[in-house]
Enquirer: 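Quick one: the structure is below, questions incoming.
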Amino acid sequence: MGLIRAAVDSAKTTLADQWAEYFYCESLSNDVLMQKGQKVVTSGSNTKGSPNIITNGSGIAVNEGQGMLIVEDGKVVEFTMEPGRFTWDESTEPSLLTGGFKGLKESFGIFGKRFVAGGTPAKDQRVYFINLKEIFDNKFGTATPMPYKDPTYRGIYIRYFGQYTIKIEDPIRFYTNVAGNVTNTYTKAELMQQSQAEFVNALDTAIAKCSDQNYQYNDLPKKQMEIAKFMNDSLDDEWRENRGIVVSSVAIEKVTPDDESRARMEKIDDAIMMSDQRVAAGRLAEAQATAMEKAAENEGGAMQGFLGMGFAQQAGGMNTGNMFEGTNPQENSTFF
């Protein structure tokens with residue numbers, strides 16, 4: 001039982017004219033991961049035939065962005081990941097057209113069922129179309145602040161949210177272990193019901209690995225490729241090996257520290273800034289200028305205010321000139 005490529009002259013005839021009956025599937029939306037193919041009955045075909053029997057010589061059309069599985073009594077007996085038009089021939093071995101997807105023949109050997117020519121007629125045969133496109137608009141976010149070891153701010157707590165995309169990489173494993181013999185469609189919402197918690201746990205692991213790589217917390221949105229790789233490593237057994245799904249990309253849209261972490265980070269930023277000698281000198285010069293303005297407004301007389309300011313400088317050892325030692329004198333002149 002196998003597929004034979006069908007050469008169709010579209011200028012002279014249509015798909016319906018080529019075969020007595022054929023299976024077709026419209027473009028699969030972002031919300032549909034797998035859909036059962038519908039048998040289209042044309043003139044001259046058996047209108048009383050079972051919908052779950054593929055007549056020998058039937059046609060199957062596979063669109064771009066789709067894969068196709070033929071399932072017999074719950075077992076995959078043929079597949080193609082290549083777009084085109086095919087004819088079902090019971091007298092041939094499975095053709096197994098991978099379309100460049102790795103590991104499908106191995107998966108077929110594990111989960112599929114091989115037939116020899118002239119095998120026993122099937123009781124239930126179905127055609128399923130798989131969405132091979134990247135599946136977008138999968139949102140995630142932290143319900144509570146998560147701990148993060150930042151190379152600058154040490155232990156902080158952050159919130160993050162964004163979106164990720166997935167892709168069905170092994171349709172045979174996906175059908176066998178996830179979707180199964182559905183009567184019509186298997187949707188993204190059904191997958192997310194059982195997979196979202198696993199994704200969030202893997203994301204937390206990926207974020208922790210980013211911390212181990214000394215990525216600063218506000219650089220996380222720039223590390224999408226690294227995070228996607230970390231996540232696929234974490235989800236490898238559960239998603240890739242068992243479900244045939246991989247994470248294509250992870251887009252963290254925003255990362256924010258909680259209020260307590262933010263307050264501590266601001267203090268650290270101020271300390272880092274003031275450790276720069278020139279910045280510290282500039283801040284001191286600004287403070288002295290403000291003090292002089294207030295001294296001029298002193299009710300006891302400007303001279304008394306200036307004398308008080310001078311005594312305070314001597315008592316505190318404040319001298320902006322000393323803070324410019326080793327710097328360019330021309331640069332110093334901008335402060336005086």
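For clarity, every value in this text was computed on a predicted model and none was experimentally measured.
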Enquirer: I need the Met34 CE to Leu69 CG distance, nearest 0.5 Å.
Expert: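 Going from the CE atom of Met34 to the CG atom of Leu69 covers 7.5 Å.
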
Enquirer: Which is it for Lys222 and Asp219 under the salt bridge (Lys or Arg N to Asp or Glu O under 4.0 Å) test, yes or no, and what are the steps along the way?
Expert: CA-CA 5 Å; Lys222 305 174 187 176; Asp219 283 337; 3.3 Å; yes

Enquirer: Evaluate Ser249 against Gln224 for side chain to side chain donor-acceptor pair (under 3.5 Å), listing each step before the verdict.
Expert: CA-CA 7 Å; Ser249 65; Gln224 298 178 21; 5.9 Å; no

Enquirer: Is there side-chain contact between Val127 and Met68, with at least one heavy-atom pair below 4.5 Å?
Expert: yes

Enquirer: Same cluster for Met231 and Val246 if Ile/Leu/Val/Met/Phe/Trp/Tyr side chains link at under 4.5 Å?
Expert: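 Each belongs to a different hydrophobic cluster.
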
Enquirer: Looking at Tyr215, I'd like to know if the NZ or CZ of Lys223 sits under 6.0 Å from its six-membered ring centre while staying within 45 degrees of the ring's axis.
Expert: yes

Enquirer: Quick one, Met265 with Ile156, criterion side-chain contact (heavy atoms from CB on, under 4.5 Å). Give me CA distance, side-chain angles, the key distance, then yes/no.
Expert: CA-CA 9 Å; Met265 290 161 62; Ile156 61 174; 4.2 Å; yes

Enquirer: Closer than 3.5 angstrom, by distance alone: can the side chain of Ser261 be matched with the main-chain N or O of Tyr157 as a donor-acceptor pair?
Expert: yes

Enquirer: Which heavy atom of Leu132 sits nearest to which heavy atom of Lys167, and what is that distance?
Expert: O-CE, 3.1 Å

Enquirer: Is there a salt bridge (Lys or Arg N to Asp or Glu O under 4.0 Å) between Lys267 and Asp269 once you walk through the steps?
Expert: CA-CA 5 Å; Lys267 291 181 180 179; Asp269 284 339; over 6 Å; no

Enquirer: Is any side-chain heavy atom of Val247 closer than 4.5 Å to one of Ile227?
Expert: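 Of all side-chain heavy-atom pairs linking Val247 with Ile227, none is under 4.5 Å.
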
Enquirer: Are the side chain of Lys39 and the backbone of Ile53 linked by a donor-acceptor contact shorter than 3.5 Å?
Expert: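 Confirmed, Lys39 side chain pairs with Ile53 backbone.
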
Enquirer: Should Trp239 and Phe230 be counted in the same cluster of Ile, Leu, Val, Met, Phe, Trp and Tyr side chains packed under 4.5 Å apart?
Expert: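 Trp239 and Phe230: separate clusters.
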
Enquirer: What I'd like to find out is whether the side chain of Leu104 reaches to under 4.5 Å of the side chain of Met81, using heavy atoms alone.
Expert: yes

Enquirer: Measuring from atom CG of Leu203 to atom CD1 of Ile252, what distance do you get when rounded to the nearest 0.5 angstrom?
Expert: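 Output value for this atom pair is 6.0 Å.
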
Enquirer: Say whether Met192 and Ile168 are linked into one hydrophobic cluster, either directly or through other cluster members, by side-chain heavy-atom distances under 4.5 angstrom.
Expert: yes

Enquirer: What heavy-atom pair brings Tyr164 and Lys139 nearest, and what distance separates the two atoms?
Expert: CE2-O, 4.2 Å

Enquirer: Under 4.5 Å between any side-chain heavy atoms of Phe199 and Asn138, yes or no?
Expert: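 SC-SC contact between Phe199 and Asn138 ruled out.
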
Enquirer: Using 0.5 Å steps for rounding, measure from the CG atom of Asn232 to the CD1 atom of Ile166.
Expert: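 That separation rounds to 11.0 Å.
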
Enquirer: Are side-chain N/O atoms of Lys36 and Asn52 paired as donor and acceptor at under 3.5 Å?
Expert: yes

Enquirer: Does Ile4 form a side-chain contact (heavy atoms from CB on, under 4.5 Å) with Phe86? I'd like the steps, not just the answer.
Expert: CA-CA 5 Å; Ile4 300 175; Phe86 303 89; over 6 Å; no

Enquirer: Apply side-chain contact (heavy atoms from CB on, under 4.5 Å) to residues Val62 and Thr80 and explain how you reach the verdict.
Expert: CA-CA 8 Å; Val62 183; Thr80 177; 4.0 Å; yes

Enquirer: Any heavy-atom pair between the side chains of Ile207 and Met146 that's under 4.5 Å?
Expert: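 No, their side chains stay 4.5 Å or more apart.
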
Enquirer: For the pair Tyr186 and Phe174, name the ring-plane relationship: parallel under 30°, tilted 30 to 60°, perpendicular over 60°.
Expert: perpendicular

Enquirer: Do Gln66 side-chain atoms and Asn63 backbone N/O form a donor-acceptor pair below 3.5 Å?
Expert: yes

Enquirer: With the threshold set at 4.0 Å, does a side-chain nitrogen-carboxylate oxygen contact exist between Asp259 and Arg262?
Expert: no

Enquirer: Would you call Ile245 and Leu191 a side-chain contact if the rule is heavy atoms closer than 4.5 Å?
Expert: yes

Enquirer: With Ile158, which of Thr142, Asn218, Leu220 fulfils side-chain contact (heavy atoms from CB on, under 4.5 Å)?
Expert: Leu220

Enquirer: Any side-chain donor-acceptor pair under 3.5 Å between Ser195 and Arg243?
Expert: yes

Enquirer: Looking at Asn184 and Gln38, what are the two nearest heavy atoms and their distance?
Expert: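 Of all heavy-atom pairs spanning Asn184 and Gln38, the closest is OD1-NE2, 4.4 Å.
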
Enquirer: When you compare the side chain of Glu78 with that of Leu96, does any pair of heavy atoms fall below 4.5 Å?
Expert: yes

Enquirer: Taking all non-hydrogen atoms of both residues, which atom of Val250 and which atom of Ala228 are closest, and how far apart?
Expert: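 Nearest heavy atoms, Val250 then Ala228: CG2-CA, 4.1 Å.
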
Enquirer: Where do Ile135 and Thr165 land on the side-chain contact (heavy atoms from CB on, under 4.5 Å) test, with the steps shown first?
Expert: CA-CA 5 Å; Ile135 306 301; Thr165 66; over 6 Å; no

Enquirer: Rounded to the nearest 0.5 Å, what's the gap from NZ on Lys133 to CG on Asn131? Could you check?
Expert: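 Between atom NZ of Lys133 and atom CG of Asn131 there are 4.0 Å.
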
Enquirer: Name each donor-acceptor pair under 3.5 Å that joins a side chain in residues 105-112 to protein atoms two or more places apart or in another chain, with its distance.
Expert:
from, atom 1, to, atom 2, distance (Å)
Ser107, OG, Gly103, O, 3.1
Ser107, OG, Asp170, OD2, 2.5
Ser107, OG, Arg173, NE, 3.0

Enquirer: More than 12 heavy atoms of other residues, nucleotides or ligands under 6.0 Å from CD of Glu241: yes or no?
Expert: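 More than 12 within 6.0 Å, yes.
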
Enquirer: Should the ring pair Tyr153 and Tyr217 be called parallel, tilted or perpendicular, given that the plane angle runs from 0 to 90° and is split at 30 and 60?
Expert: perpendicular

Enquirer: List the steps, then state whether salt bridge (Lys or Arg N to Asp or Glu O under 4.0 Å) holds for Asp150 with Arg154.
Expert: CA-CA 5 Å; Asp150 188 273; Arg154 307 305 181 193; over 6 Å; no

Enquirer: So does Lys149 get a backbone contact from the side chain of Ser211, meaning a donor-acceptor N/O pair under 3.5 Å?
Expert: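 Such a contact is found between Ser211 side chain and Lys149 backbone.
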
Enquirer: What's the separation between atom CD in Gln125 and atom NZ in Lys75, rounded to the nearest 0.5 Å?
Expert: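 Output value for this atom pair is 16.0 Å.
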
Enquirer: Is a side-chain donor or acceptor of Glu198 paired with a backbone partner of Leu235 at a separation under 3.5 angstrom?
Expert: no

Enquirer: Would Glu226 and Gln213 count as having a side-chain donor-acceptor pair, cut-off 3.5 Å?
Expert: no

Enquirer: Taking the six-membered ring for Trp and the full ring for Phe, Tyr or His, determine whether the centres of Phe161 and Phe140 are under 6.0 Å apart.
Expert: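 They do not qualify: ring centres at least 6.0 Å apart.
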
Enquirer: Kindly compute the distance separating CG (Leu33) from CD (Gln35), expressed to the nearest 0.5 Å.
Expert: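 The CD atom of Gln35 is 11.0 Å from CG of Leu33, to the nearest 0.5 Å.
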
Enquirer: Side chains of Thr55 and Glu21: is there a donor and an acceptor less than 3.5 Å apart?
Expert: yes

Enquirer: Nearest heavy-atom pair of Asp137 and Lys188: which atoms, and what distance?
Expert: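 Reported closest heavy-atom pair: O-NZ, 3.4 Å.
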
Enquirer: Decide, yes or no, whether a salt bridge links Arg126 with Asp124 under the criterion of side-chain N to carboxylate O below 4.0 Å.
Expert: yes

Enquirer: Got a donor-acceptor contact below 3.5 angstrom from the Thr205 side chain to the Asn201 backbone?
Expert: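 Flag set: sc Thr205 to bb Asn201 pair under 3.5 Å.
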
Enquirer: Ser248 and Glu134: which non-hydrogen atoms are nearest, and at how many Å?
Expert: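 Nearest heavy atoms, Ser248 then Glu134: CB-OE2, 3.2 Å.
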
Enquirer: Check whether any side-chain heavy atom of Phe79 lies under 4.5 Å from a side-chain heavy atom of Leu3, and answer yes or no.
Expert: no

